[in-house]
Amino acid sequence: AQSVSQHNHHVILSEAASLELGCNYSYGGTVNLFWYVQYPGQHLQLLLKYFSGDPLVKGIKGFEAEFIKSKFSFNLRKPSVQWSDTAEYFCAGLYGGSQGNLIFGKGTKLSVKP
Amino acid sequence: EPEVTQTPSHQVTQMGQEVILRCVPISNHLYFYWYRQILGQKVEFLVSFYNNEISEKSEIFDDQFSVERPDGSNFTLKIRSTKLEDSAMYFCASRGRTFDGYTFGSGTRLTVV
């Protein structure tokens, strides 16, 4: 079955630390990958997406993610986090093209200490 | 920036009662979705809706659930007889004809007591 896994449930970092959140997806043919962020009390916002082309994708707020096909991974990175990055981060995959439905990972809660 | 609006933000209901969760998708979007997240678990797909009919639904979306787009702007999720295990955050999403990702609402937290 198609699935997306996020192995870190809760990550705690100090400001200026580097961030990497893991995401793995299952094989299922064509897959488009996304990272969403949910700040406390707000809606899910798209951080970045990968459809094809350059496997290093840059998103908003200084985030980036790298699609590594051989590892079925799409990890999210940020070189230096800020307190305002405290949020929950969701990796999601869309299998089978635009007619499919997003499949989400379980989410990773990021807490950044000032 | 256009938004997907969900109301209410939090609803508490007694087991066995009917609830209707409301969503106003982005006005020119064509595809509509409901997802839910039980506390501590994954965000799960419930149903997708296009051209005034359900295009796909998950195993979770049983006969207790229904969706409707009654007036061309609202998109509602009805749970006919709520169970304790229906307690979750329910997210509505929409997208346009060209797929560029979904736009999500801020969610409705449903608590069944």
Side-chain angles (χ1 to χ4, degrees), chain A residues 1-10 22-26 28 30-53 57 59-61 63 65 74 87-109, chain B residues 1-10 21 23-26 29-51 53-61 67 88-109:
Chain A
Q2 295 152 353
S3 65
V4 174
S5 303
Q6 292 179 249
H7 305 296
N8 309 106
H9 178 59
H10 190 184
C23 172
N24 289 96
Y25 64 94
S26 65
T30 302
V31 59
N32 301 316
L33 295 160
F34 304 81
W35 275 98
Y36 282 87
V37 60
Q38 187 177 29
Y39 299 103
Q42 297 189 27
H43 60 278
L44 286 161
Q45 298 176 41
L46 183 65
L47 271 180
L48 48 79
K49 58 184 183 279
Y50 174 76
F51 282 11
S52 63
V57 180
I60 61 172
K61 304 178 191 277
F63 287 91
F74 189 57
E88 189 147 18
Y89 293 80
F90 296 92
C91 184
L94 183 74
Y95 291 82
S98 63
Q99 300 308 312
N101 302 305
L102 279 178
I103 296 173
F104 282 86
K106 206 168 174 178
T108 297
K109 184 176 178 182
Chain B
E1 188 177 328
E3 288 186 351
V4 174
T5 305
Q6 287 187 247
T7 55
S9 57
H10 189 190
L21 309 183
C23 169
V24 179
I26 292 173
H29 279 186
L30 301 174
Y31 298 83
F32 313 108
Y33 306 85
W34 283 101
Y35 284 78
R36 79 171 186 191
Q37 186 182 27
I38 295 171
L39 189 64
Q41 298 186 25
K42 293 189 175 192
V43 177
E44 301 170 293
F45 167 73
L46 291 178
V47 65
S48 58
F49 192 87
Y50 170 71
N51 202 25
E53 61 183 24
I54 291 173
S55 42
E56 191 172 344
K57 59 184 180 179
S58 71
E59 292 174 353
I60 303 166
F61 195 89
V67 289
M89 181 72 93
Y90 288 81
F91 294 104
C92 173
S94 68
R95 72 166 179 96
R97 185 180 300 279
T98 303
F99 184 75
D100 197 34
Y102 295 12
T103 302
F104 282 87
S106 54
T108 293
R109 180 168 297 284

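- With a 6.0 Å radius and a threshold of 12 heavy atoms from other residues, nucleotides or ligands, A:I60 has its CD1 atom above the threshold.
- Counting heavy atoms from C-beta on, the side chains of B:Y31 and A:N101 never come closer than 4.5 Å.
- Between the B:Y35 side chain and the A:F104 main chain, no donor and acceptor come within less than 3.5 Å of each other.
- In plain terms, the two heavy atoms of A:L102 and B:Y102 that are nearest each other are N-OH, 3.4 Å.
- When all heavy atoms are compared, the tightest approach of A:K106 to B:Q37 is O-NE2, 4.0 Å.
- Heavy-atom distances place both the backbone and the side chain of A:L44 under 4.5 Å from chain B.
- Within the 4.5 angstrom heavy-atom criterion, no atom of A:Q45 approaches chain B.
- Counting non-hydrogen atoms of neighbouring residues, nucleotides and ligands closer than 6.0 angstrom, the NE2 atom of A:H9 reaches no more than 12 such neighbours.
- Proximity to chain A is limited to the side chain of B:F91, based on heavy atoms less than 4.5 angstrom apart.
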